[in-house]
Amino acid sequence: MTRVRFAPSPTGYFHVGSARTALFNWLFARHTGGVFLLRIEDTDVERNREEHVDGIISAMAWLGMAPDEAIERQSARTERYRVAIDALWEAGFLYACDCTRDEVEARTADRATPGYDGYCRARGLAREGRALRYRTPDDGVTVVEDLIRGRIEFPNRAMEDFVAVRSDGKPLFVLANVIDDRDMQITHVVRGEDLLPTTPKGILLWRALDEAAEGEAGWGEVTPLPAWAHLPMLVNEQGKKLSKRRDPVAVELYREQGYLPEAFRNYLALLGWSPGGDREKVGLDVLVAEFRLEDVHHAPARFDVQKLAHLNGEYLRELPVDEFVARSRPWTVPEEEAAAGRWVPGAAAGAPFRPPWPPERFDEAVFVRMAPLVQERVTRFEEVPGMVDFLFLADPELDERSWQKAIAADADGARALLEGAIAAYQGCEWAPDDLKAVTLAVGESAGRKLAKAQAPIRVAVTGRTVGPPLFESLAVLGRAEVVRRLAAAVERLSAGTGS
RNA sequence: GGCCCCAUCGUCUAGAGGCCUAGGACACCACCCUCUCAAGGUGGAGACACGGGUUCGAACCCCGUUGGGGCUGCCA
């Protein structure tokens with residue numbers, strides 16, 4: 001039975017690199033029929049924030065990756081760490097050190113290999129109140145057998161005596177990590193490549209813990225080493241490791257923009273891995289069936305929002321219309337959704353998203369009629385309100401550039417056309433096909449083809465030169481309102497505003 | 001500096017010695033479709049970093065060079 005864990009530290013929002021690591025762990029667990037754990041590594045009390053734990057959990061739930069067992073927290077395991085540290089100390093693997101960083105640097109400034117110089121090794125300092133260093137071997141190599149990269153050798157002499165325990169008695173990342181992996185019987189450690197250099201330290205500690213277990217320290221059991229798999233980094237445009245500070249990589253941000261979790265997950269899976277052949281857009285079943293750590297890439301991958309957006313558009317378009325409408329609700333009726341206790345964009349950041357229209361003017365029945373046309377024109381839900389706002393606003397929000405281009409640039413022609421449309425629309429059948437035919441005729445008498453004839457009407461009614469198909473829009477909006485807006489445009493033209 | 005990792009179109013990738021005249025996707029360009037915008041269709045441009053080996057044969061194996069990246073905290 002395989003057991004894997006995703007072990008984030010809640011020191012910032014949940015970012016795409018972490019999400020990818022979580023996903024690969026999760027896929028591996030599902031593929032092998034194993035267990036997927038979530039372990040919150042919150043030993044650094046100064047940097048950890050509880051809200052970030054919530055962010056991790058909700059983002060994982062959004063992506064459909066719930067842990068299979070209760071969430072573990074390092075902060076709840078201090079007693080366990082204490083026992084392990086005692087055992088390591090008693091077995092002689094650790095020594096106390098009171099050097100400051102400045103002191104070490106001063107002593108080693110002219111050396112070829114910087115790092116701790118072993119100054120306190122033989123000083124026999126008492127343990128209390130001091131950092132504890134692990135005494136690394138002077139020669140030999142520590143081998144990491146990596147499922148993705150193969151055998152990697154680290155010369156022990158290049159590894160300094162690293163601090164394993166802080167002066168306050170708490171274990172540092174590597175130690176806590178190893179103790180946890182042993183206790184939780186982790187069989188495969190799947191994590192980012194940035195952790196590769198600390199892996200030999202973990203192996204050294206793991207073996208030390210094994211030895212301590214066989215001694216008289218009363219510590220745990222001898223535990224087989226897990227297999228390692230170091231995933232290639234996710235990098236930014238400059239090829240650097242994604243950074244929470246520099247790069248816009250919060251998973252929550254993508255959710256708020258209206259990416260579908262299934263699309264986001266699919267895209268994430270494509271970063272450093274491929275289902276093989278020409279396949280890209282694949283369902284969860286294929287992801288799970290095909291995922292193998294051995295097939296994971298070695299080279300870093302760039303996160304490409306454009307490709308994500310395209311993939312999202314594909315997923316969006318294949319949604320049944322009623323589902324598209326339902327899943328648009330956080331962006332069309334966020335107040336209602338929030339009142340029902342459901343997720344809405346922006347809420348986490350304290351600035352809930354609001355569509356441009358007053359809530360009471362939104363009419364889902366009207367939206368449903370337009371939905372199929374909207375669906376094939378957006379790549380993210382965030383774009384939905386802007387596609388249909390003219391239907392729910394008392395007056396369309398007039399885009400000045402559109403007005404200039406389609407109306408003001410040829411004021412006389414536009415006036416003639418708008419007036420022609422007003423007249424024609426008064427008595428015609430009110431359905432898309434009829435409106436199209438009527439508009440075509442109005443255009444012909446004004447010497448314009450349909451493309452040119454519809455432009456002023458579109459701007460007058462919707463406020464913009466681009467949008468969903470015009471005649472369907474007119475049909476949905478209704479005769480009276482369309483005529484009113486056309487007349488308003490003519491009046492605006494006469495008043496000379498917007499020129 | 002030291003240790004480690006990496007290297008196929010701009011980007012994500014297919015490719016496990018002959019199937020490669022290197023395939024797909026995003027982005028880009030052109031055309032078609034078309035009431036705008038999209039979507040869709042067709043076509044185009046576009047890569048095995050370089051140099052040595054090994055082999056009858058190398059994008060694939062080995063070595064080196066170059067170039068990128070990671071780590072080098074009493075952070076994780």
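Note on naming: letters A, B, ... go to the chains in the order of the sequence lines (proteins, then strands), and numbering restarts at 1 for each one.
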So [X], base contact, sugar-phosphate only, or nothing? Heavy-atom distance under 4.0 Å.
{"X": "A:Ala131", "value": "base"}
{"X": "A:Arg279", "value": "nothing"}
{"X": "A:Leu195", "value": "base"}
{"X": "A:Gly443", "value": "nothing"}
{"X": "A:Gln306", "value": "sugar-phosphate"}
{"X": "A:Arg130", "value": "nothing"}
{"X": "A:Glu41", "value": "sugar-phosphate"}
{"X": "A:Gly467", "value": "base"}
{"X": "A:Thr379", "value": "nothing"}

Under 3.5 Å for both donor-acceptor distances, Watson-Crick or wobble: does [N] have a partner, and if so which one?
{"N": "B:rC71", "answer": "B:rG2"}
{"N": "B:rU34", "answer": "none"}
{"N": "B:rC26", "answer": "B:rG10"}
{"N": "B:rG64", "answer": "B:rC50"}
{"N": "B:rG18", "answer": "B:rC56"}

Whole-Å [atom1] distance, [N] and [M]:
{"N": "B:rA39", "M": "B:rU8", "atom1": "C1'", "result": "31 Å"}
{"N": "B:rG40", "M": "B:rC4", "atom1": "P", "result": "48 Å"}
{"N": "B:rC6", "M": "B:rA25", "atom1": "P", "result": "30 Å"}

Measure all distances between protein nitrogen or oxygen atoms and nitrogen or oxygen atoms of nucleotides 41-46 of chain B, and list the pairs falling under 3.5 Å.
none

Legend entry - Lys NZ or Arg CZ of A:Lys170 over A:Tyr81 ring: under 6.0 Å, within 45°: no
Answer yes or no: side-chain N or O of [X] and base N or O of [N] forming a donor-acceptor pair under 3.5 Å.
{"X": "A:Arg149", "N": "B:rC5", "answer": "no"}
{"X": "A:Arg302", "N": "B:rC12", "answer": "no"}
{"X": "A:Ser167", "N": "B:rC74", "answer": "yes"}

Legend entry - Nearest heavy atoms of A:Thr465 and A:Arg458, plus distance in Å: O-CD, 3.0 Å
Inset, instruction - Work out which heavy atom in A:Pro456 is nearest to a heavy atom in A:Leu417; give both atom names and the distance. - result: CG-CD2, 4.4 Å
Output yes when at least one side-chain N/O atom of [X] is less than 4.0 Å from OP1 or OP2 of [N], else no.
{"X": "A:Ser274", "N": "B:rC12", "result": "no"}
{"X": "A:Arg166", "N": "B:rC75", "result": "yes"}
{"X": "A:His298", "N": "B:rC5", "result": "no"}
{"X": "A:His230", "N": "B:rC4", "result": "no"}
{"X": "A:Lys240", "N": "B:rG69", "result": "yes"}

Legend entry - First of A:Arg317 and A:Glu153 reached from the 5' end of RNA chain B, by closest nucleotide: A:Glu153
Inset, instruction - For RNA chain B, determine which residues of residues 9-19 of chain A have any heavy atom closer than 4.0 angstrom to one of its atoms, and list them numerically. - result: A:Ser9
Interface polar pairs with nucleotides 33-35 of chain B, N/O, under 3.5 angstrom:
residue, atom, partner, partner atom, Å
B:rC35, OP1, A:Lys436, NZ, 2.7
B:rC35, O2', A:Gln454, OE1, 3.4
B:rC35, O2', A:Gln454, NE2, 3.0
B:rC35, O2, A:Arg458, NH2, 3.2
B:rC35, N3, A:Leu470, N, 3.4
B:rC35, N4, A:Glu472, OE1, 3.2

